[in-house]
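Step one of this worksheet: look at the structure below.
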There are 4 protein chains.
Amino acid sequence: MASTKLKTPRPSRWERRPEARPDELLDAALEVFAARGYRATRLDEVARAAGVTKGTIYHYFAGKEQLLLAAVRRRQQKKIAEIREALGDESDPVSVRIARLYHSVWERWTDPRARQVLRLMLSDVSIEAPEVFRTWMREGFVTNLRMLTSLIEQGKAQGDFRSDVDAEVAARLLQSAMVFQMLLHFEWGMNELAPISNNRLVEQGLDVFMRGLRYEHHRDTES
Amino acid sequence: MASTKLKTPRPSRWERRPEARPDELLDAALEVFAARGYRATRLDEVARAAGVTKGTIYHYFAGKEQLLLAAVRRRQQKKIAEIREALGDESDPVSVRIARLYHSVWERWTDPRARQVLRLMLSDVSIEAPEVFRTWMREGFVTNLRMLTSLIEQGKAQGDFRSDVDAEVAARLLQSAMVFQMLLHFEWGMNELAPISNNRLVEQGLDVFMRGLRYEHHRDTES
Amino acid sequence: MASTKLKTPRPSRWERRPEARPDELLDAALEVFAARGYRATRLDEVARAAGVTKGTIYHYFAGKEQLLLAAVRRRQQKKIAEIREALGDESDPVSVRIARLYHSVWERWTDPRARQVLRLMLSDVSIEAPEVFRTWMREGFVTNLRMLTSLIEQGKAQGDFRSDVDAEVAARLLQSAMVFQMLLHFEWGMNELAPISNNRLVEQGLDVFMRGLRYEHHRDTES
Amino acid sequence: MASTKLKTPRPSRWERRPEARPDELLDAALEVFAARGYRATRLDEVARAAGVTKGTIYHYFAGKEQLLLAAVRRRQQKKIAEIREALGDESDPVSVRIARLYHSVWERWTDPRARQVLRLMLSDVSIEAPEVFRTWMREGFVTNLRMLTSLIEQGKAQGDFRSDVDAEVAARLLQSAMVFQMLLHFEWGMNELAPISNNRLVEQGLDVFMRGLRYEHHRDTES
DNA sequence: TATGAATGAGTATTCATTCAT
DNA sequence: CATGAATGAATACTCATTCAT
């Protein structure tokens with residue numbers, strides 16, 4: 001990168017970087033899409049952000065929608081890997097692994113960029129580019145849901161969770177607890193309208209959810 | 001952005017009567033907005049649906065965004081009343097009243113129109129007409145949240161729920177469990193990608209949530 | 001017309017002429033299309049020529065192609081009427097009526113505008129707007145051909161033309177003799193490449209054609 | 001217009017070899033141009049059809065227009081030779097030689113490719129690439145016309161045709177009879193709008209034309 | 001020679017908004 | 001009050017052409 005620039009001290013109008021271009025384009029595109037929304041994003045802006053001209057975008061991608069699709073896919077692959085990693089050691093109790101995942105996700109959402117993509121999808125894209133939306137749902141959202149479901153199933157098998165818990169539904173609940181609260185809180189201004197400390201939202205949310213799953217041996221003494 | 005464009009309605013020489021004739025306009029508008037999304041809705045379409053011409057819309061409303069704002073507000077007032085009614089007798093146990101509300105809401109969502117407004121807000125509008133979105137959040141969404149919060153507080157006071165439950169957070173969880181699941185399931189195609197029976201989603205969802213709130217006296221025998 | 005302008009001495013940005021607009025638009029459009037060709041015609045140019053803005057075009061017509069179609073149709077109706085008129089008295093001998101038509105058409109082609117529409121159709125439009133081309137062929141060109149055919153049939157019935165002449169084919173020959181020669185001569189520069197006097201082209205062309213149709217009683221004496 | 005853009009080919013340092021490799025390029029180009037029209041033809045398509053890349057085209061030709069020009073010229077040379085050959089033995093009577101030529105041309109037009117080039121020139125090219133059009137007219141069309149003219153002159157000299165026939169005009173008539181009818185019939189859908197058998201069109205067309213030229217000795221007996 | 005990445009000028013179409021009537 | 005004609009700004013996409021490699 002830096003060395004490339006040393007080679008061409010004056011990046012002339014004509015710069016040729018066939019290898020790097022597509023990925024640079026995708027990064028720039030996702031950045032702009034996330035910030036502005038799908039519809040409001042001008043391809044000119046994306047091009048400028050990537051340091052190329054509009055024509056170059058069409059050299060690599062068939063159009064606005066395809067550009068977004070490629071950008072989203074590229075990102076999803078990274079994310080899925082990150083999530084799996086965040087689950088940690090498989091030998092740990094499931095409730096620990098879930099908590100680990102849960103906290104890791106919330107932590108990642110400290111970065112506005114991470115949230116914006118979620119908002120982008122559920123907001124603009126679901127209407128303006130339904131094809132991209134469906135792909136994102138299928139390849140990312142549903143994948144995550146299945147992962148959560150199987151985690152909860154494991155918890156049941158390990159005796160960690162109630163045997164009568166509906167894992168499918170519980171996983172959905174957890175997912176929405178995370179995604180929707182994050183959006184409401186950070187992106188949709190809920191924290192201004194009905195303030196709540198970030199920490200409380202995260203910790204107590206997990207607590208209520210976990211209590212819904214676990215056996216309650218100690219209630220008598222605690223109450 | 002868009003909010004900058006909001007025009008302060010000019011008090012014209014002829015007194016506008018936004019309360020009288022325009023009601024049919026608002027109904028038609030919300031119908032079209034909900035079906036098409038905010039951006040994709042053409043004022044021509046709204047006008048045709050209302051049986052007037054585009055110019056007439058501008059008699060009563062300052063623009064597209066103001067039209068939506070008025071339409072949403074009109075609807076919200078009705079909805080809030082409905083919800084209060086759905087809670088039923090105040091002397092009933094809170095868990096019963098919550099369940100009653102919960103089922104009543106889900107039932108109402110049988111009607112696509114009822115869902116679409118929610119989708120409209122969270123999708124298109126949150127980006128394209130943030131002013132409207134914020135108003136809707138403040139006047140509707142947050143109001144509902146407060147209602148749920150106070151219900152749960154009542155439940156704690158009545159000894160129906162754990163004393164250590166965080167009512168604010170639990171209310172958020174319940175709200176997201178309802179809204180987000182509904183959107184995923186009915187509007188965003190989740191049911192096609194990861195099918196689940198409507199009944200199970202509703203019943204088990206409430207079950208997991210309620211267990212997270214309540215004391216668990218009977219676990220010992222069951223386990 | 002003129003009175004309208006007197007009423008609005010300063011034609012402001014907003015001029016309202018609902019009645020006249022469409023026809024004015026069509027005239028301006030055909031003018032520009034004929035001069036530039038279909039593809040090369042910019043709707044901006046048409047709008048400027050008609051003294052309106054581009055948007056106004058779309059108020060009345062669905063798009064570029066539809067605009068051309070309407071313009072062509074409008075013109076065709078006039079032309080067909082003119083041609084019928086040029087044929088003159090039905091009681092005259094057919095060879096006289098054909099000659100009258102023939103000369104009248106050539107005379108009309110003195111006006112460049114009259115030729116350009118023909119060139120427009122056969123050139124640009126046949127490829128870029130095939131729908132319009134087909135309509136023009138069907139409603140104009142073929143109609144003219146039929147008229148010529150029936151004229152020649154009448155000539156045969158009247159004993160003016162040989163009984164063994166194929167009227168269908170002869171009509172085609174005459175039509176192409178007129179149209180194609182005109183285009184070659186005036187529009188495609190044939191007169192510069194292989195000059196020939198206009199008069200000779202017209203008169204001798206008719207002569208050769210007519211001799212092909214008629215019985216030849218007087219050849220003996222002439223030869 | 002477009003002609004202004006014609007670039008004078010730069011004599012580059014490396015000697016271009018427009019005669020050698022480019023021939024396949026020219027064949028591919030004419031094929032695509034004929035099928036799609038000038039404007040609608042993408043140089044990418046031509047390149048693909050020739051099995052090279054777009055850049056290569058610019059090695060050999062200065063641009064789109066020059067490419068077409070070269071392709072048309074190359075073809076014309078072949079065609080002129082073919083036509084001379086089709087005329088056959090010079091000692092045969094002219095009317096026979098004309099008929100031979102006439103039928104040979106029509107037969108060749110059985111092949112769509114042969115017609116398409118004519119259509120290409122008269123349609124698209126005459127507007128979009130007038131430079132090419134003029135060259136084609138001068139080097140091909142006019143040459144053919146002269147050939148026909150001198151044939152008819154010979155016919156007059158041989159006493160085969162009337163002495164008072166205007167050979168220039170008659171040749172034009174014949175040429176248009178052939179070219180224009182062919183285009184109308186095969187390329188512009190006339191046969192669908194006003195059907196006529198191919199054979200009748202060809203034979204009767206020649207008949208009417210020839211009668212216009214010849215002395216009519218036998219009419220009395222035949223009629 | 002040949003490639004193909006990069007350019008950038010060019011344009012039909014949409015639609016919220018205005019305003020003469 | 002109501003109409004609907006007129007506006008004009010805004011934008012994705014195409015493709016001939018250039019040029020570094």
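Chain A is the first sequence line, chain B the second, and so forth, proteins listed ahead of strands; every chain is numbered from 1.
- Side chain of B:Tyr60, nearest nucleotide from E:dT18, F:dC1, F:dC13: F:dC1.
- Residue D:Arg36 qualifies as open at atom CZ: its count of foreign heavy atoms under 6.0 Å is 12 or below.
- Side-chain N or O atoms of D:Lys64 include none that pairs as donor or acceptor with a backbone N or O of D:Arg42 at under 3.5 Å.
- Straight-line distance from the CD1 atom of A:Ile57 to the C1' atom of F:dT14: 14 Å, rounded to whole Å.
- Salt bridge annotation for D:Glu128-C:Arg39: absent, with no cationic side-chain nitrogen under 4.0 angstrom from a carboxylate oxygen.
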Step-by-step side-chain contact (heavy atoms from CB on, under 4.5 Å) determination, B:Leu122 to A:Leu122: CA-CA 7 Å; B:Leu122 296 181; A:Leu122 296 181; over 6 Å; no
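- At a threshold of 4.0 Å, the pair C:Arg74-C:Asp27 counts as salt-bridged, since one of the basic side-chain nitrogens sits closer than that to a carboxylate oxygen.
- Taking for each of D:Gly63 and B:Gly51 the nucleotide of DNA chain F with the nearest heavy atom, the 5'-most of the two is the partner of B:Gly51.
- Contact annotation: side chain of B:Lys54 to base of E:dT17, donor-acceptor pair present below 3.5 Å.
- Rounded to a whole Å, the CD atom of D:Glu65 is 16 Å from the C1' atom of F:dC15.
- In this entry the distance linking CZ of A:Phe61 with P of E:dA6 reads 11 Å, nearest Å.
- Distance from the side chain of A:Lys64 is smallest to F:dA12 among E:dG4, F:dA12, E:dT17.
- Looking at every heavy atom in both residues, A:Phe133 comes nearest to A:Val125 through N-CG1, 3.9 Å.
- At whole-Å resolution of the value, NE2 in C:His59 and P in E:dA16 are 15 Å apart.
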Base-pair map of DNA chain F as dot-bracket, where | denotes pairing with a different strand and pairs are Watson-Crick or G-U under 3.5 Å: .||||||||||||||||||||
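- Taking every heavy atom of residues 28-48 of chain D and every atom of DNA chain F, pairs under 4.0 Å involve D:Thr41, D:Arg42, D:Leu43, by number.
- Both A:Gly55 and C:Ala62 sit near DNA chain E, but only A:Gly55 has its closest nucleotide nearer the 5' end.
- Within the 3.5 Å criterion, the main-chain N or O of A:Val52 finds no donor-acceptor partner in the side chain of A:Thr56.
- Rounded to whole Å, atom P of F:dC1 lies 13 Å from atom CG of B:Leu25.
- With rounding to the nearest 0.5 Å, the separation of NZ in A:Lys54 from CZ in A:Arg48 is 10.5 Å.
- Rounding to whole angstrom units, CG of residue A:Leu67 and P of F:dC13 are separated by 10 Å.
- The phosphate of E:dA5 has neither OP1 nor OP2 within less than 4.0 Å of any side-chain N or O from A:Thr56.
- We find that OH of D:Tyr58 is positioned 7 Å from P of F:dT18, with the value rounded to whole Å.
- Not a single donor-acceptor pair under 3.5 Å links the side chain of A:Ser123 to the backbone N or O of A:Leu120.
- E:dA16 atom P lies 15 Å from atom CD of B:Gln66, rounded to whole Å.
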